[in-house]
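What follows is one structure encoded as structure tokens, with my remarks underneath.
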Amino acid sequence: MPSEIRVTLPDGSEKRVPAGSTGADLAKAIGPGLAKAAIAVRVNGDVRDLARPLSDGAKVSILTDKDPQALDVLRHSAAHVLATAVRQLFPRAQIGFGPPIEDGFYYDFQVERPFGPEDLEAIEQRMQEVVKADYPFVREEVSRADAKQRFKDDPLKLERIDDLGPDEVISVYTDGPFVDLCRGPHVPSTGRIKHFKLLHGAGAYWRGDERRQMLQRIYGTAWFTKDDLEAYLRRLEEARRRDHRVLGKQLDLFSIQEEVGPGLILWHPKGAMVQFQLRRFIEDAILERGYSLVYTPNVTREELFLRSGHLPLYAANQFPAMGAGEGEAENVRYRVKPMNCPMHILIYASQQRSYRDLPVRLGEIANVYRNERSGTLHGMLRVRGLTMDDAHIFLREDQIEQEIFQLLDIVELVLGKTFGLAYRLDLATRPEKKLGSDATWDVAERALEQALKHRGVTYRLDQGGGAFYGPKIDIKFNDAIGREWQGATIQLDFEQPERFKLEYTGEDNKPHRPVMIHRAIYGTLERFVGFLIEHFAGAFPLWLAPEQVRVLPISDAQAPAARALHERLRAAGIRSHLDERNETLNYRIRDGELQKVPYMAVVGQREADAGSAAVRGRGEGKKQVVLPVAEFVAKLQEEVRTRSLTPLV
RNA sequence: GCUGACGUAGCUCAACUGGUAGAGCAGCUGAUUUGUAAUCAGCAGGUUAAGGGUUCGAGUCCCUUCGUCAGCUCCA
């Protein structure tokens with residue numbers, strides 16, 4: 001065995017260290033500062049403990065708190081500290097998994113009694129003690145038999161051991177009194193975990209399977225610095241401030257009321273105006289692109305959904321059937337529609353179609369109802385009454401790619417150009433519960449994949465994420481605080497045309513079967529508006545703002561001039577509101593700001609005399625622009641027409 | 001659906017271990033006529049989510065139902 005080994009550092013230089021040197025030794029050899037800052041070491045791409053020996057010829061880099069991967073290590077170790085504390089306080093707790101996650105970590109426990117808020121406080125206290133004790137994380141490799149012996153009282157761990165492949169190295173980590181089956185890596189000792197906080201407890205199914213027992217999960221967050229931790233907690237705070245459920249109430253956009261039912265939105269006038277503008281925008285956009293608008297009923301005979309294949313595959317998400325009432329045949333039952341496709345299909349099938357007619361594009365902004373499980377509902381973002389900007393496109397197989405290009409163009413127009421959102425594409429493939437043959441799925445999946453490839457866009461693969469009738473391209477976007485949402489979706493369907501025996505007459509004068517695309521651009525108006533509320537923190541761009549201008553006379557003496565301005569704005573198509581309440585100007589300005597009105601036009605004696613308006617932009621404070629009314633109107637119209645995201649006045 | 005926490009005036013929140021439901025804002029009335037983020041005063045507003053139970057007495061304790069929130073699972 002050679003007495004020295006050589007390793008390559010990130011800058012390409014080589015370093016000789018004694019054989020058997022560890023990552024920690026290497027860090028020390030490079031410099032004392034690095035040794036102190038070192039968290040873990042990356043060896044040929046794998047992150048490992050500092051205490052593990054390096055191998056000859058390896059490419060290594062020492063990870064410090066600057067490295068995002070080091071954060072995962074820290075959080076993973078924090079999860080162990082959490083488990084250490086829980087085991088001390090609840091010796092009979094069985095341990096499940098405890099991985100790092102985005103922004104933090106969690107650990108699952110099987111306990112006799114769920115954790116309450118007081119428990120979390122006590123656990124966090126105990127964690128501080130574990131940190132203070134500065135137990136080193138010690139790694140050992142053990143045999144399967146040894147591992148089973150060590151975890152003989154932890155059935156969850158035993159199950160995990162049984163799942164490990166025969167060739168997998170089984171390692172255990174010890175920090176002070178706590179031993180865990182774990183792949184690692186970890187920080188050198190518990191003392192490195194200084195800035196953390198437990199956030200909340202919740203139930204979580206063992207191994208994510210709802211048929212299995214529910215464990216108690218504790219979530220926490222951990223950071224390298226106090227500042228990072230505080231910044232993160234502020235970010236959570238900010239998220240709450242932007243919460244569409246809170247803003248929806250404050251801005252009087254919508255409500256959800258127990259008397260109506262969960263997941264059912266009452267759109268108040270202001271929220272309805274936002275929806276109305278979005279509808280106009282998308283309807284104009286698709287009419288320009290060869291779509292036809294259709295309207296279809298909210299209930300249909302149950303047999304239709306049997307034929308489409310929704311029943312029984314989708315039945316769990318549909319509201320139960322209703323009878324037709326007295327005097328009609330007892331066996332005629334109706335269903336509220338969860339999707340529009342069967343009815344659009346019947347419109348397609350209502351006449352003979354020529355290959356020259358294709359693609360036939362039928363669009364409908366329609367309400368559909370899905371019986372979502374109660375626990376999944378969330379404000380406007382997950383509801384039971386959905387307003388989809390739906391469309392079904394019937395086309396020839398050779399038209400798929402071009403059509404998908406057009407759809408991606410519309411997506412870019414709406415999400416990218418109009419709202420400035422960065423979005424991502426997912427290719428979602430066949431799920432477990434599906435209709436149709438694998439051969440058909442092969443064709444459909446390949447068609448979408450080809451379209452994406454030829455378009456030259458990057459996308460992720462979402463294995464098993466498809467709809468039951470076909471694969472889809474899902475468009476996901478992030479909101480202002482980094483959360484991800486799915487809006488638009490483009491779904492390819494060979495199955496329903498088959499079930500409904502759809503046809504068109506080809507050039508060869510023979511019948512052919514068309515393909516179908518289901519698509520939505522906003523997804524649903526509920527989710528999209530909910531998202532926009534959070535994205536803009538309620539401060540909608542002018543074209544969407546329910547109230548665009550608020551006109552404020554300074555005192556009664558200017559009321560006629562203010563009213564004239566208000567009327568003029570209205571005549572110019574601007575949504576103006578006249579606030580001549582008997583309140584101070586300060587009070588009314590504050591109210592306008594809190595209501596996030598884009599512009600307030602103050603009319604004092606000077607403005608009344610000059611035919612001008614003193615315009616205050618939303619959030620601009622005392623900064624005001626005095627300009628002639630005609631110019632103000634023109635600028636507003638321009639800002640609306642261009643759907644500008646930034647104010648023009 | 002599952003686990004846990006929770007539900008008090010239109011909104012935000014008080015009410016010690018069971019002992020007369022209270023405040024700010026919003027609303028209404030009046031005064032005030034305001035130059036860029038809260039003028040002053042008065043008034044009104046509640047079967048404490050609903051139903052049942054324990055108790056001399058329940059917002060508070062117990063049960064059921066409904067709903068909300070955080071997750072899990074599922075999804076636009």
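All chains are named by letter (A, B, ...) in the order of the sequence lines, taking the proteins before the strands, and each is independently numbered beginning at 1.
Contact check on A:R460 versus A:D462 returns no salt bridge, with no Lys/Arg side-chain nitrogen under 4.0 Å from an Asp/Glu carboxylate oxygen. A salt bridge is absent between A:R207 and A:D209: the closest approach of a Lys/Arg side-chain nitrogen to an acidic carboxylate oxygen does not fall below 4.0 angstrom. The existence of a salt bridge linking A:E631 and A:K635 is confirmed by a sub-4.0 Å separation between a basic side-chain nitrogen and an acidic carboxylate oxygen. Looking at A:E237 and A:R240, a side-chain N of the basic residue comes within less than 4.0 Å of a carboxylate O on the acidic one, giving a salt bridge. Between A:R241 and A:E238, at least one side-chain N (NZ, or NE/NH1/NH2) sits under 4.0 Å from a carboxylate O, which counts as a salt bridge. Classification of A:R519 and A:E403 as a salt-bridged pair fails, no side-chain N sitting under 4.0 Å from a carboxylate O. A salt bridge does not link A:K434 with A:E495: every distance from a Lys NZ or Arg NE/NH1/NH2 to an Asp or Glu carboxylate oxygen is 4.0 Å or more.
Pair check for B:A21 finds none; no Watson-Crick or G-U wobble contact set falls under 3.5 Å. Base pairing of B:G57 is not made with any nucleotide, judged by Watson-Crick or G-U wobble geometry with both donor-acceptor distances under 3.5 Å. Pairing for B:G7 goes to B:C66, judged as Watson-Crick or G-U wobble with the two contacts each under 3.5 Å. With both pairing distances under 3.5 Å, B:U39 is matched to B:A31 as a Watson-Crick or G-U wobble pair. In this structure B:A26 sits in no base pair that meets the Watson-Crick or G-U test at under 3.5 Å.
The residue A:Q250 sits apart from the nucleic acid: no heavy atom pair falls under 4.0 Å. The residue A:R588 sits apart from the nucleic acid: no heavy atom pair falls under 4.0 Å. Backbone-only engagement by A:K249 is indicated by non-hydrogen atom pairs under 4.0 Å involving sugar-phosphate atoms exclusively. In this structure, A:G208 reaches the sugar-phosphate backbone alone: every heavy-atom distance under 4.0 Å involves primed, P, OP1 or OP2 atoms, never a base. In this structure, A:Y106 reaches neither bases nor backbone, as no heavy-atom distance under 4.0 Å exists between it and the strands shown. At the heavy-atom level, A:R217 lies under 4.0 Å from the strands shown only through sugar-phosphate atoms. Within the 4.0 angstrom heavy-atom criterion, only backbone atoms of the sugar-phosphate kind lie near A:Y587; the bases stay farther away. No contact: A:K476 has no heavy atom under 4.0 Å from any strand. Nucleic acid contact for A:G487: sugar-phosphate only, since backbone atoms but no base atoms lie under 4.0 Å from a heavy atom of the residue. Contact annotation for A:A316: no contact, since no heavy-atom pair falls under 4.0 Å across all strands. Heavy atoms of A:E372 sit under 4.0 angstrom from at least one base atom.
Spacing between atom CZ of A:F109 and atom P of B:G4 amounts to 17 Å, rounded to whole angstrom units. As rounded to whole Å, 12 Å separates atom P of B:C75 from atom OH of A:Y469. With rounding to whole Å, A:L215 atom CG is found 18 Å from B:G71 atom P. One interatomic measurement links the two molecules: NZ of A:K622 to C1' of B:G35, which rounds to 10 Å at whole-angstrom precision. Distance, A:I218 CD1 to B:G71 C1': 13 Å, rounded to whole Å. B:U33 atom P lies 19 Å from atom CG of A:D579, rounded to whole Å.
A:K249 meets the side chain to side chain donor-acceptor pair (under 3.5 Å) test with no other residue; sequence neighbours excluded.
Within 3.5 Å, no donor on the side chain of A:R373 pairs with an acceptor on the base of B:C72, nor the reverse. Below the 3.5 angstrom threshold, one finds a donor paired with an acceptor across the side chain of A:E607 and the base of B:G35. Taking only distance into account, the side chain of A:Y205 meets the base of B:G1 through a donor-acceptor pair shorter than 3.5 Å. Evaluation of atom-type donor-acceptor distances gives no pair under 3.5 Å for the side chain of A:N586 against the base of B:U36.
In this structure, A:R335 is not positioned above the aromatic face of A:F305 in the sense of NZ or CZ being under 6.0 Å from the six-membered ring centre and within 45° of the axis.
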What's touching nucleotides 64-66 of chain B from the protein side, N or O pairs under 3.5 Å?
{"residue": "B:C66", "atom": "O2'", "partner": "A:E258", "partner atom": "OE2", "Å": "2.9"}
{"residue": "B:C66", "atom": "O2", "partner": "A:E258", "partner atom": "OE2", "Å": "3.1"}

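Side-chain contact of A:Q318 with A:H310: a donor-acceptor pair under 3.5 Å is absent, judged by distance alone.
Aromatic pair A:F477/A:F531: centroids less than 6.0 angstrom apart.
Near RNA chain B, meaning a heavy atom under 4.0 Å away, the residues from residues 597-605 of chain A are A:V602, A:G604, A:Q605.
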